[in-house]
Amino acid sequence: MTDLRSGIQEAAAAIRRRTGLVPEIALILGSGLGALADEIAAEAALPYEAIPHFPRGSVEGHAGRLILGALEGKRVVAMQGRVHLYEGYTAVQVTLPVRVMRALGAGTLVASNAAGGINPQFRAGDLMLLTDHINFTGTNPLIGPHDPALGPRFPDMSRLYDAALGGLARRIAQEEGMTLRSGVYIAVAGPSYETPAEIEMFRRWGADAVGMSTVPEVIVARQMGMRVLAVSAITNVIGGIRAEPLTHEGVIAAAKELEPRFIRLVRRVVREMSLSG
Ligand code: HPA
């Protein structure tokens, strides 16, 4: 067995010692979007440092806890906070929690993040459904020794984001009277924000939003055959020269402001999601 697989199994075993709950849905709650975890009827809440091999977050606004319980009639496992490449973790380390949530039983991943809007129609405070992504992080979580038990060596990435789940999110947004944008997310390693020249390049490439997460986790989830839905909280719009400098505090505050809408959308998606496919 590979080191990676034994790490996954040790982490999953430590979690199973705390709860027998077998999750159906995995949630990753991004920057400023962690409050949904507090609405889970929790059977167990484990700080990341209590789980062997789990990377620990170091960034403010990213509390690191894994919560297992019930939400809207479904069994869920939620990451309240995630780690990022810019913290110095490898892409393999960043994505270990997704592999563990899959090992626990989750077949569907709902991921979220804070992102900068590149599409000129986007406004700060918008929610965006990911329809595709560009991996511009400079790395890939599948680099390294291959373990066929975890999925194919060369997984297809042509249909990353599940059309049925995306359609459900769009219908719910419409019924709730919420604007839900959709578009292509480009991931960078960070932690510096983008230059105007980089944003202009990303726009020409077809990117609608930019952020520092999600893509490694989604690659791994798809390698393992999970269905994926992902939503960006557009916390700021970029391009050209800003009047005010972009700050992490500003990004977190903007995410917090739209968080109630994000929670309303995701709760209903979880409730109405069919797990058979
Ligand atoms: N760039 C990268 N990541 C981000 C941004 C941004 O403008 N906003 C929130 N996360």
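These numbers were taken from a predicted model, which means no experiment stands behind them.
When the side chains of ILVMFWY residues are joined at heavy-atom separations under 4.5 Å, either directly or via intervening members, Leu265 and Leu27 end up in a single hydrophobic cluster. Hydrophobic clustering places Leu66 together with Leu109 (ILVMFWY residues linked when any side-chain heavy atoms are closer than 4.5 Å, directly or through intermediates). At a threshold of 4.5 Å between side-chain heavy atoms, the hydrophobic network of Ile, Leu, Val, Met, Phe, Trp and Tyr places Val94 and Val77 in two separate groups. Both Leu150 and Met157 belong to a single network of hydrophobic side chains, linked directly or stepwise wherever heavy atoms of I, L, V, M, F, W or Y lie under 4.5 Å apart. No single ILVMFWY cluster, assembled from side-chain heavy atoms under 4.5 Å apart, contains both Ile252 and Val83.
Tyr185 places a side-chain heavy atom less than 4.5 Å from the side chain of Ser213. You'll find the side chain of Glu272 reaches within 4.5 Å of the side chain of Arg171, heavy atoms only. In this structure, Met128 and Val231 have side chains that are not in contact, with every pair of non-hydrogen atoms separated by 4.5 Å or more. You'll find the side chain of Val98 stays beyond 4.5 Å of the side chain of Arg102, heavy atoms only. The shortest side-chain heavy-atom distance between Asp208 and Arg181 does not fall under the 4.5 Å cut-off. Residues Val266 and Val270 have side chains in contact (heavy-atom distance under 4.5 Å, counting atoms from C-beta outward). Between Arg123 and Ile234, the closest side-chain pair of non-hydrogen atoms is not below 4.5 Å. In this structure, His53 and Tyr48 have side chains that are not in contact, with every pair of non-hydrogen atoms separated by 4.5 Å or more.
Distance check: Met79 CE to Glu217 CD gives 6.5 Å after rounding to the nearest 0.5 Å. If you take OG1 on Thr95 and CG on Leu142, they are separated by 7.5 Å, rounding to the nearest 0.5 Å. Atom CG of residue Leu68 and atom OG1 of residue Thr19 lie 6.0 Å apart, to the nearest 0.5 angstrom. Met273 CE to Asp162 CG: the interatomic distance, rounded to the nearest 0.5 Å, is 8.5 Å. Interatomic distance, Thr235 OG1 to Lys256 NZ, rounded to the nearest 0.5 Å: 13.0 Å. Note that the OG atom of Ser158 and the CG atom of Asp132 stand 9.0 Å from one another [nearest 0.5 Å].
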Practice problem: With side chain to side chain contact (heavy atoms under 4.5 Å, CB included) as the test, would you mind laying out the steps for Leu46 and Arg65 before giving the verdict? | Solution: CA-CA 5 Å; Leu46 294 90; Arg65 290 198 308 162; over 6 Å; no

Practice problem: Verify side chain to side chain contact (heavy atoms under 4.5 Å, CB included) between Arg75 and Ile25, making sure each step is shown before the conclusion. | Solution: CA-CA 7 Å; Arg75 297 187 306 273; Ile25 303 169; over 6 Å; no

Practice problem: Run the numbers on Glu176 and Arg261 for salt bridge (Lys or Arg N to Asp or Glu O under 4.0 Å), then give the verdict. | Solution: CA-CA 9 Å; Glu176 297 277 335; Arg261 227 176 331 124; over 6 Å; no

Quiz item: Under the side chain to side chain contact (heavy atoms under 4.5 Å, CB included) criterion, do Arg170 and Leu129 qualify, and how do the steps go?
Solution: CA-CA 8 Å; Arg170 276 187 238 259; Leu129 188 68; 3.8 Å; yes

Practice problem: Please report the C-alpha distance between Met178 and Phe262 in whole Å, then the side-chain angles of each, then the deciding distance to 0.1 Å, and finally whether the side chain to side chain contact (heavy atoms under 4.5 Å, CB included) criterion is met. | Solution: CA-CA 10 Å; Met178 280 178 202; Phe262 166 79; over 6 Å; no

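Between Leu160 and Arg222 the shortest heavy-atom distance is O-CD, 3.2 Å. Considering every non-hydrogen atom in both Ala207 and Ile118, the closest pair reads O-CG2, 3.6 Å. The shortest heavy-atom contact between Thr137 and Ala189 is O-CB, 3.8 Å. Considering all non-hydrogen atoms of both residues, Ala221 and Val228 come closest at CB-CG2, 3.9 Å. In this structure, Gly151 and His146 approach most closely via the heavy-atom pair O-CE1, 2.8 Å. Considering all non-hydrogen atoms of both residues, Ile143 and Val92 come closest at O-CG2, 3.9 Å.
Judged purely by atom type and a 3.5 angstrom limit, Gln93 uses its side chain to pair as donor or acceptor with the backbone of Thr90. In this structure, Tyr89 contributes its side chain and Arg56 its backbone to a donor-acceptor pair below 3.5 Å. A donor-acceptor distance shorter than 3.5 angstrom exists from the side chain of Glu198 to the backbone of Thr195, with no hydrogens or angles considered. Although no hydrogens or angles enter the test, the distance criterion places no donor-acceptor pair under 3.5 Å between the side chain of Asp3 and the main chain of Gly7. The closest donor-acceptor contact from the side chain of Ser112 to the backbone of Ile28 lies under 3.5 Å.
Salt bridge annotation for Arg18-Glu43: absent, with no cationic side-chain nitrogen under 4.0 angstrom from a carboxylate oxygen. One finds a salt bridge joining Glu175 and Arg268 here, because a Lys/Arg side-chain nitrogen approaches an Asp/Glu carboxylate oxygen to under 4.0 Å. With respect to Lys74 and Glu24, no salt bridge is recorded, no charged nitrogen being found less than 4.0 Å from a carboxylate O.
Counted within 6.0 Å of CZ on Arg153, heavy atoms from surrounding residues, nucleotides or ligands total more than 12; the atom is thus considered enclosed. Annotation: Gln174, atom CD; neighbour count of heavy atoms from other residues, nucleotides and ligands within 6.0 Å does not exceed 12. Annotation: Glu257, atom CD; neighbour count of heavy atoms from other residues, nucleotides and ligands within 6.0 Å does not exceed 12.
Between the side chains of Gln223 and Arg99, at least one donor-acceptor pair of N or O atoms lies under 3.5 Å.
Qualifying side chain to side chain donor-acceptor pair (under 3.5 Å) partners for Thr214, counting only residues two or more places apart in sequence or in other chains: Arg82, Asn113.
By the 30° and 60° cut-offs, the orientation of the rings of Phe202 relative to Trp205 is tilted.
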